[in-house]
Amino acid sequence: MSSRRDELIAKYAEDIQGKFGEDPDMDLLAKVAIGLGPAIYNLDASKVSGSDEKELETVKNNYLIKKLGLSDGPGLMDAVTSVIDRYGQSEKNKHRAVIYYMLCKHFGKESVYS
């Protein structure tokens with residue numbers, strides 16, 4: 001495992017503790033981060049803009065529906081919006097790995113990563 005990835009995962013864990021008040025499942029968090037591949041190292045791709053509707057649709061379609069295998073419905077976008085709100089609208093650096101991790105936990109889809 002690369003030290004750069006370890007540093008990023010540690011940063012994500014801090015966000016989960018600080019912004020969401022939860023103790024992260026480090027194993028799941030690492031798997032989510034690894035699942036994102038090289039995107040976590042790209043400044044733009046590694047973040048999610050909470051105010052960009054198109055980007056939130058992408059999270060819903062590419063992650064919740066394609067990756068986690070959920071059926072489309074209003075609950076999906078509600079969950080995405082809820083995680084973005086909990087992260088904090090003022091927080092500029094909303095890490096994609098943290099958002100995906102929180103959504104995975106929210107929907108109880110940890111088995112996708114096992």
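Residue numbers run from 1 in the order of the sequence given. Computed from a prediction, not measured in an experiment: that's the story for all the values here.
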Heavy-atom closest contact ([X] atom, [Y] atom, distance):
X	Y	result
Ala30	Ile9	CA-CD1, 3.8 Å
Phe107	Gly75	CZ-O, 4.1 Å
Tyr87	Lys19	O-CD, 3.4 Å

Taking side chain to side chain donor-acceptor pair (under 3.5 Å) as the definition, give me every residue that meets it alongside Glu22, ordered by chain and number, with sequence neighbours left out.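 Residues passing side chain to side chain donor-acceptor pair (under 3.5 Å) with Glu22: Arg86.
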I need the [X] [atom1] to [Y] [atom2] distance, nearest 0.5 Å.
X	Y	atom1	atom2	answer
Leu36	Asn42	CG	CG	11.5 Å
Asn93	Ser46	CG	OG	8.0 Å
Gln17	Glu14	CD	CD	7.5 Å
Ser71	Leu64	OG	CG	11.5 Å
Lys11	Ile16	NZ	CD1	12.5 Å
Lys60	Asp72	NZ	CG	3.5 Å

**Message:** I need the single residue from Val80, Leu76, Leu68 that forms a side chain to side chain contact (heavy atoms under 4.5 Å, CB included) with Tyr63. Which is it?
**Reply:**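 So the option named by the test is Leu68.
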Atom pairs and distances, donor-acceptor, side-chain atoms in residues 97-105, under 3.5 Å, two or more places apart:
unit_1 : atom_1 : unit_2 : atom_2 : d
Tyr100 : OH     : Arg96  : NH1    : 3.3
Tyr101 : OH     : Asp25  : N      : 2.8

Problem set entry | Verdict with reasoning, Ile34 to Tyr113, per side chain to side chain contact (heavy atoms under 4.5 Å, CB included) | CA-CA 10 Å; Ile34 291 163; Tyr113 289 98; over 6 Å; no
With side chains defined as the heavy atoms from C-beta onward, is the minimum distance between Leu8 and Tyr41 less than 4.5 Å?
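They are in side-chain contact.
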If we ignore hydrogens and angles and just use 3.5 Å, is the side chain of [X] paired with the main-chain N or O of [Y] as donor and acceptor?
X	Y	result
Thr81	Met77	yes
Lys94	Gly88	yes
Thr58	Lys54	yes

With Tyr12, which residues qualify under ring-ring contact (aromatic ring centres under 6.0 Å, His included), at least two apart?
->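 With sequence neighbours excluded, Tyr12 shows a ring-ring contact (aromatic ring centres under 6.0 Å, His included) to His95, given in chain and number order.
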_With a 6.0 Å cut-off (strictly less than), is the heavy-atom count around CG of Asp85, excluding the residue itself, greater than 12?_
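Atom CG in Asp85 is packed in, count exceeds 12.
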